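For reference, the structure is listed below as structure tokens.
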Amino acid sequence: MNIKKHVKRGLWNHLMKSGIEMGLASIIYEVGVASKYVNHAMRTGDLGLAGTSNLYGEDQLALDVVADEIIKDRLDHTGRVSRIISEEQSEIVIFERQSRVGGYSVCYDPLDGSSLVDVNLSVGTIVAIYAGDDPLQSGRHQVGAMYVLYGPRTTLVYGASNGVHEFTLNNLGEYVLTQEYIQVKERGKIFSPGGIRRDYLPEHEEIVKKLENDGYKLRYSGGFVPDINQILLKGGGLFMYPATTKAEHGKLRLPFELNPMAYLIELAGGAASDGRRPILELDCYDLDQRSPVYIGSREEVEMATQYFK
Ligand code: AFP
């Protein structure tokens, strides 16, 4: 028996074979390492880190704060990251510069949907990676993006110049390749409406009505990562979080949620718009910047943008 044929490809092996620059590969890999600690902490309440009390001990910390610290530490460990911004931090964090010339900058949401952990729903880590010293750039400038989905399985999806690929964490603590060169279906059967119906603006109300009349099924977990993952990996469809009468820019945050997911979905053949322009074309100038979003299968995104013309 040729054991090679049966040994699934690990994350580092895949990164090396994909020709991705070593610094970028090490960032993606180290976020994967961090996610194992986050996964462990989430499922056991134990940090799994030497010298720290368990999550619910005297050093009790919210899981998203713990996740943020773990990811920040692993990004620093790469020696290739010069600046980071995290949804958990209020300003840009600068790592000492001497070892990071020609490095990368990273924007991440350490645990998106963290309030769902208490009711055992899936949550995720979302990461956008840029070359150079500026983590606040238009999404089109990303050189890579990834997410980790903490669900019934813990999966890691990354995309760089070489397509979008999924890895699953096995019982040995390895991320092994489970899907390669993923493509979003041109047209789907599900939609996520976002927001509260009474606050919808007319255009969004019409889009939701059309999708319902066309027989699309509503799928909305309250977690951006699992909802996007379902569209990416299962049958396509449309995720929306609109501008509303209460929030003219919607809820989701451009640097940490929308740019990385738009990068991955476009790389997989889908589309992402704010209703009028591609998400990746938007200027990104503030950590707290938000935007309406229509993301998923190309046909549905195109349909939605017609209502804003
Ligand atoms: P939290 O991180 O505050 O739980 O918000 C999660 C999120 O940003 C995104 O993951 C969901 O798609 C969206 O909010 C859900 O928002 P609503 O609760 O308003 O539907």
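Start at 1 and go down the list; that is how both ligands and their atoms are numbered. Note that the coordinates shown come from a computational prediction; the quantities given were computed from them, not determined experimentally. The first residue in the sequence is number 1, and the count goes up from there.
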Any atoms of ligand 1 less than 4.0 Å from a non-hydrogen atom of Gly223? List them with their elements.
10 (O), 12 (O)

Cationic N near anionic O, under 4.0 Å, Asp109 to Arg253
no

Looking only at protein heavy atoms, which one is nearest to atom 19 (O) of ligand 1, and what is the separation?
Tyr241 OH, 2.7 Å

Would you mind checking if Asp199 and Lys246 are paired as a salt bridge, meaning a charged N to carboxylate O distance below 4.0 Å?
yes

Has Tyr29 got more than 12 heavy atoms of other residues, nucleotides or ligands less than 6.0 Å from its OH?
no

Look only at interatomic distance and state if Leu111 has a nitrogen or oxygen under 3.5 Å from any nitrogen or oxygen of ligand 1.
no

Please work out, at 4.0 Å between heavy atoms, whether the side chain, the backbone, both, or neither of Leu252 comes within that distance of ligand 1.
side chain

If you count every heavy atom of other residues, nucleotides or ligands that lies below 6.0 Å from Lys189 atom NZ, does the total exceed 12?
no

Atom 8 (O) of ligand 1: nearest protein contact (heavy atom, Å)
Glu257 OE2, 2.9 Å

Would you mind running through ligand 1 and noting each atom that sits below 4.0 Å from a heavy atom of Gly113?
1 (P), 2 (O), 4 (O), 6 (C)

Can you sort out which atoms of ligand 1 are near Ser115, meaning under 4.0 Å from one of its heavy atoms?
4 (O)

Students often mix this up, so state it plainly: with edges at 30° and 60°, are the rings of Tyr158 and His14 parallel, tilted or perpendicular?
perpendicular

List every atom of ligand 1 that sits less than 4.0 Å from any heavy atom of Tyr220, numbering the atoms from 1 in the order shown and giving each element.
15 (C), 16 (O), 17 (P), 20 (O)

I need the nearest protein heavy-atom contact for atom 14 (O) of ligand 1: residue, atom name and distance, please.
Lys251 NZ, 3.0 Å

Quiz: residues 165-173 side-chain donor-acceptor pairs under 3.5 angstrom, not counting sequence neighbours:
| from | atom 1 | to | atom 2 | distance (Å) |
| --- | --- | --- | --- | --- |
| His165 | ND1 | Tyr181 | N | 2.9 |
| His165 | NE2 | Asn162 | O | 2.8 |
| His165 | NE2 | Asn162 | ND2 | 3.2 |
| His165 | NE2 | Gly163 | O | 3.4 |
| Glu166 | OE1 | Thr178 | OG1 | 2.9 |
| Thr168 | OG1 | Arg153 | NH1 | 2.9 |
| Thr168 | OG1 | Thr178 | OG1 | 3.0 |
| Asn170 | OD1 | Leu172 | N | 2.8 |
| Asn170 | OD1 | Gly173 | N | 3.0 |
| Asn170 | OD1 | Glu174 | N | 2.9 |
| Asn170 | ND2 | Glu174 | OE1 | 3.1 |

Contact check: Phe224 vs ligand 1, nitrogen or oxygen atoms, below 3.5 angstrom
yes

Closest protein heavy atom (residue, atom, distance) for atom 11 (C) of ligand 1:
Gly222 O, 3.3 Å

Would you call Lys209 and Glu206 a salt bridge, using N to O less than 4.0 angstrom?
yes

Measuring from non-hydrogen atoms of Glu87 to any atom of ligand 1, is the shortest distance under 4.0 Å?
no

Would you mind listing which atoms of ligand 1 come within a distance below 4.0 Å of any non-hydrogen atom of Phe239?
12 (O)

Per-atom filter on ligand 1: closer than 4.0 angstrom to a heavy atom of Asp112 are 8 (O), 9 (C), 10 (O)

Do NZ/NE/NH1/NH2 and the carboxylate oxygens of Arg74 and Asp76 come within less than 4.0 Å?
no

Other residues, nucleotides, ligands: >12 heavy atoms within 6.0 Å of Met22 CE
no

